[in-house]
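No experiment lies behind these values; they were computed from the predicted model shown.
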Amino acid sequence: MEPSCLMRVPAEMRMMIYEYLFDDGGNKCLCIRNAGADKLSSTNELSRSRYYVLARSLHRRCYETTYELGTEGVDFCASIMRVNKTIYGETSYILYKRHTFDFGSHIEAIEPFLSDLTPSSRRLIQEISLYKRGPLTMYENDRSEWRSVCRFLRAHGSIKKLQLVVQGGKPTSTWNGPREFTAADLKLLFDIKHESLDWVEELAQVKGIEELEILPDVHYCPPPSSTNMIVFAALSASIEKGLTEFLRKQLHLS
C-alpha cells in the first residue's frame, strides 16, 4: 500500500502540521470533566469508557456518564490519531506530553480517562491537577473515590508533578481549640490515624512524584460544633504552611 502524502513529509514538517491540527488556544492546562447526566446518549465517542458517578445534588442520584474536555478555545483534530501508529505516536507527544491535565473535583474521570490511553501515551502524562474535598459530610466527602484514584495512579501512573487544590473552611467566629497545625502536629494526627488525614496515607503510596504544589480553596463555614470540625478548621488554616510541609515529607520531597 502506498504511504499517505503526510507520511512522505519529513518528520519535522509533520510536527509543524500537527501544531495547527492540535490548537490548544494557548491553554497548557486541559480540563477533563464528567459529562452531565443528559449528555451521554448524545455523545459519539463510543471509544470512551463509561462509569457511574453520584450527582452533586440534594438527592445524590447515581447516573452513568463518561468524560469530556472542559476547556474552551481548543481545536483538536483527534481523528487523525487513528490513521496509523506513527501518526498516533507523534501526535500523542503534542497532546499528552505538553499539557497538564486538570480533573478538578471530578476525580472519578481519572481512571477511565487514563485507562483508555495506550501505555505509551499514558506515560507521557506527567502533570495533573486534582481537587481534594474536605473530610466532612457538608463538603461531599470523596473518601472512596480518592482511594480508588490513588491506587490506580500507584499501579499505572507516571505522574511527576502534582498540583493539589485542598478545600478548607474558615469559621465565621472564633472557637475553642487549636487555630493552626504545624507539620509535627499533623504527623501526630497521621500516626494516630485521625480520619481527617486518611487521604494522605493513600497519596503517599503514589510513587514517582517529584514536584508538589499545594493551593488552598478556603470558604467560610459555621463555627465548629464538634471535635472533627475543630480539627478541620485548624487543618484549613494550615494548608499553605504546616500541611504543605507535612505532605512534602510524606512524599519524600526535598
Side-chain angles (χ1 to χ4, degrees), residues 27 29 31-34 36-37 53-63 70-72 100-110 128-150 161-204 212-251:
N27 295 287
C29 182
C31 298
I32 304 298
R33 299 291 186 261
N34 299 325
V53 298
L54 283 173
R56 295 186 173 94
S57 63
L58 180 63
H59 301 291
R60 302 289 284 167
R61 181 171 63 92
C62 182
Y63 63 91
T71 304
E72 297 182 356
T100 297
F101 287 83
D102 175 12
F103 294 90
S105 62
H106 296 225
I107 60 177
E108 306 95 338
I110 296 177
I128 65 172
S129 178
L130 306 177
Y131 187 93
K132 181 66 190 75
R133 291 186 176 275
L136 304 180
T137 304
M138 60 186 290
Y139 291 106
E140 299 179 353
N141 193 299
D142 60 0
R143 182 175 299 170
S144 60
E145 293 89 349
W146 182 264
R147 183 185 303 113
S148 297
V149 165
C150 290
K161 179 179 179 180
L162 172 63
Q163 182 188 79
L164 190 61
V165 181
V166 180
Q167 185 179 43
K170 183 177 181 179
T172 53
S173 63
T174 59
W175 68 95
N176 294 322
R179 296 293 194 274
E180 187 174 345
F181 292 132
T182 65
D185 295 331
L186 294 172
K187 181 63 167 62
L188 176 60
L189 286 175
F190 180 78
D191 288 341
I192 65 174
K193 299 188 180 301
H194 193 278
E195 62 182 357
S196 64
L197 294 177
D198 284 348
W199 61 277
V200 176
E201 184 174 4
E202 297 291 348
L203 179 60
L212 177 67
E213 182 182 8
I214 306 293
L215 299 174
D217 181 34
V218 180
H219 302 269
Y220 284 106
C221 66
S225 58
S226 67
T227 300
N228 282 343
M229 290 188 69
I230 291 174
V231 171
F232 175 67
L235 180 61
S236 300
S238 313
I239 293 174
E240 292 182 277
K241 295 181 180 179
L243 182 61
T244 296
E245 181 183 347
F246 170 67
L247 286 176
R248 293 183 63 82
K249 288 181 178 179
Q250 292 303 118
L251 294 175

Among Ile214, Thr100, Leu130, Leu247, the one residue meeting side chain to side chain contact (heavy atoms under 4.5 Å, CB included) with Leu162: Leu130
Close aromatic pair by centroid cut-off 6.0 Å: Phe190 and Phe246: yes
Sequence-distant partners of Asp191, side chain to side chain donor-acceptor pair (under 3.5 Å), two or more places apart: Lys187
His194 vs Asn228 side-chain heavy atoms within contact, under 4.5 Å: yes
Nearest heavy-atom neighbours spanning Arg248 and Leu212: NH1-O, 3.7 Å
Salt bridge flag under 4.0 Å for residues Arg33 and Asp102: yes
Note, Leu164 side chain near Leu203 side chain (heavy atom, < 4.5 Å): yes
Residues, nucleotides or ligands: over 12 heavy atoms within 6.0 Å of Glu240 CD: no
Side chain to side chain, Pro222 and Thr172, heavy atoms closer than 4.5 Å: no
Heavy-atom pair with the smallest gap, counting every atom of Ser238 and Phe181: OG-N, 2.6 Å
Atom of Glu180, atom of Asp185 and distance for their closest heavy-atom approach: O-OD2, 4.3 Å
Pairing residues for Thr244 by the side chain to side chain donor-acceptor pair (under 3.5 Å) criterion, not counting sequence neighbours: none
Sequence-distant partners of Ser148, side chain to side chain donor-acceptor pair (under 3.5 Å), two or more places apart: none
Electrostatic pair Lys249:Glu245 at N-O distance under 4.0 angstrom: yes
Distance-minimising heavy-atom pair for Gln167 and Arg133: OE1-CA, 3.4 Å
Spatial distance of atom CD (Glu201) from atom NZ (Lys193) [nearest 0.5 Å]: 4.5 Å
